[in-house]
Every structure is written in structure tokens, then in C-alpha cells.
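Lettering of chains follows the sequences in order, A, B, ..., and the numbering in each one begins at 1.
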There are 2 protein chains.
Amino acid sequence: MKILDIGEVAAQSGVPPSTLRYYEEQGLIAPIGRKGLRRQYGPQTLLRLTLISMGKAAGFSLPEIAQMLGADGHPDLPRDELHARADDLGRQIRRLQLLQDTLRHVADCPASSHLDCPSFQKLMRQAERTAARVGKRASR
Amino acid sequence: MKILDIGEVAAQSGVPPSTLRYYEEQGLIAPIGRKGLRRQYGPQTLLRLTLISMGKAAGFSLPEIAQMLGADGHPDLPRDELHARADDLGRQIRRLQLLQDTLRHVADCPASSHLDCPSFQKLMRQAERTAARVGKRASR
DNA sequence: GCTTGACCTCAAGTTGACTTGAATTCGCAG
DNA sequence: CTGCGAATTCAAGTCAACTTGAGGTCAAGC
């Protein structure tokens, strides 16, 4: 059957009950009903929790995630806002790739000062270019 | 000339002076010296701040970033630790791409319930697969 | 030579995201 | 029924990452 109580949701998602209640307070998730006092969750909740965790990893705040997911399962945001978020995400992804490259570079490059190494310099030039746009979304 | 005082660093990096002082306390950056009481920064500081901001965006804590950057500009971590971090970053990047795809999907897909839409379902199956590994690094 | 504005220190406050604890209350196993 | 483990509420606590404020210093321009 498909009805889960809070402990099962916690076990399957890895998110503790206290956090699930907190998320409910914040409007991120909602039980499908109650049995007595006990919250009963549908299986879509697990999916939502996955999306919430991805959103957090992307640096969105809980209120932002709540908007993107919408109370009902459909976003609260207009299409172009969603695309704008996706665009932000694209920039974010590029920055992380750059960081990844940089990390691998410093792990492997034998040059004792990276400031001398041309491939490090190239990474840093790119980093500087992407740096300009940091925090744009957060500040709107 | 290449010596900056805290206000100039703040202006060029967008990081407020209070935060620069806080970062110094946390061992993330250091002035090249003082003129009287005033901190004097070299231009490498701007680069470090770029890397710090990328590290934060990737979800690393300030102490983790401090290790990766090292006090001297060279990482405090062994090569394989750095590669492990880069690998984590790769997983993180994949999750963000998935979120990006999902966002664009819900922005554009006309199906009134995404649960019905096969391409949404496909995204969610992938999401579930990546979900398992969440927070691995954080928990070590 | 004195004012002014940018800087300083240090302690305390704030915010977001949770967690913890105390005091109940269910609901199912025996 | 009875007991007990899993849930519940609500207030308070915690932690990381900063910010703010009070009170002081300093050097550069008028």
C-alpha cells in the first residue's frame, strides 16, 4: 500500500521526522491526512523530498524551493521565472565545473606556484569572468 | 599599483569588509601586511575570494574551503582527497543538471499532472538514483 | 593642526535551517 | 484493558555564517 507514516518517510528518504515537521511548517510538504494525530503521507512526498534536496544543493532557500514546487505540486512561478532559475542554475553549474577543474588541477599540477602555470591561469581567467554574475538571483 | 585596502577589496569583490575580517578570523584570507592598523591586501586576495565563493556555491563549509586553499595558497589536502572532492563535485553537478532539466520541463510541459508525463517520470527516476548518495562528503 | 571618513577591535545580535526536550497522546500486540 | 513504542505539540536551543554597534585610531586634505 501507498500510505506512509512519518517514520517510514524518514526511513526511506533519510530526512528525520523533526525535519519533515519543520518542512511542513514551511509549506514544503504536507501529509495527505491524519490518522488520529499521526501524519499520513502519500508516496509523492518522497519525490518532493528528492526535489527539495536537489534545490537545497543548488543553493535555493526553503521559501524559494516552496515557490518552485508549489503547494499543489505545480509551481507557483510563471514560466519565465522558472526559466530564469534554470539559467541561474546553468551558470552555477559552470562555476562548479570550473571549481572541479581547478581542484583537479591543483591536485595534479607539479608547478610549485600555480600562479606560474599557464593552465591554472587560464582557469582563473575563466573564474574571474563568471564571478561577475554571482548572487544575482539571490539579490532580486 | 597592486596594494588594496579593505574597502577596495570589498568594492572589487563585492564581499563586505565585515565578511573579509570574518574570513581572516577563519583563516581563509590574510592581508599582506598592515599600514598602521589598516589591512593591506595583495591582488591574489581577489582570486582567493573568487575561489571561496565558488567553494561556497558548491556547498563546502568555510573550514573545508580553508583546507582546500591552504594558508599559503597551496592546498592542505593530499592529492587523493582533492580528487575525492572533485568527484563529489561531479555528482553534485549531475544533480544540478537534473534539477535544471526538471525546472525547464515543468516550465514547458503542458501536461496538467507531471506524474503522467513520461519525460517527467524519466527525470524523476534519474533523480531517485542520484538521491542515494546525498551528503556523503558532508558526513565524513 | 584639526576634522573627517575610512578603518580598527570586540562583544553581541541576527538569520536560516534544523534539533532537542518535556510533557502528552495514540493505536496496536498481548 | 494495558502497556509501550512511535507520534504529537510547543518552546527553547544550536550551529554556521555573517552583521551590527559602541567606542577608539589614524592619516590625509583643508
In 5'-to-3' order, the base (B), backbone-only (S) or no-contact (-) status of each nucleotide in nucleotides 13-23 of chain D, using a 4.0 angstrom heavy-atom cut-off, is ----BBBB---
In whole angstroms, the gap separating C1' of D:dA27 from CD of B:Q40 amounts to 12 Å
Protein N or O to nucleotides 9-11 of chain D N or O, pairs below 3.5 Å:
residue, atom, partner, partner atom, Å
D:dT9, OP1, A:R34, NH1, 3.4
D:dT9, OP1, A:R34, NH2, 3.1
D:dT9, OP1, A:R39, NH2, 3.4
D:dT9, OP2, A:R39, NH1, 2.9
D:dT9, OP2, A:R39, NH2, 2.7

Output, in order, the C-alpha distance, side-chain angles, deciding distance and verdict of side-chain contact (heavy atoms from CB on, under 4.5 Å) for A:V106 and B:L82. CA-CA 8 Å; A:V106 304; B:L82 288 173; 4.0 Å; yes
| request: Taking the side chain as every heavy atom from C-beta outward, state whether A:R91 and A:R94 have any atom pair closer than 4.5 Å. | output: yes
Taken to the nearest whole Å, OH/A:Y41 to P/D:dA7 is 10 Å
A:E8 (side chain) donor-acceptor with A:D5 (main chain) under 3.5 angstrom: yes
Rounded to whole Å, the CD-P distance (B:E25 to C:dC8) equals 13 Å
Taken to the nearest whole Å, CD1/A:I52 to C1'/C:dG16 is 15 Å
query: Below 3.5 Å, does any donor atom in the side chain of A:R38 face an acceptor in the base of D:dA6, or the other way round?
result: yes
A:I6 atom CD1 is separated from C:dT25 atom P, nearest whole Å, by 19 Å
**Asked** Shared ILVMFWY cluster between A:L96 and A:F60, side chains joined below 4.5 angstrom?
**Response** no
Per nearest nucleotide of DNA chain D, the residue lying toward the 5' end, B:K35 or A:D5, is A:D5
Between the side chain of B:E81 and the main-chain N/O of B:P78, is any donor-acceptor distance below 3.5 Å?
no
List the steps, then state whether salt bridge (Lys or Arg N to Asp or Glu O under 4.0 Å) holds for A:D88 with A:R85. CA-CA 5 Å; A:D88 288 342; A:R85 301 263 165 129; 5.5 Å; no
- Message: Under a 3.5 Å distance rule, please check whether A:Q92 uses its side chain to pair with a backbone N or O of B:A57 as donor and acceptor.
- Response: yes
The complete set of side-chain hydrogen bond (donor to acceptor under 3.5 Å, both in side chains) pairs with one or both residues in residues 17-41 of chain B, sequence neighbours excluded, reads B:E24-B:R39
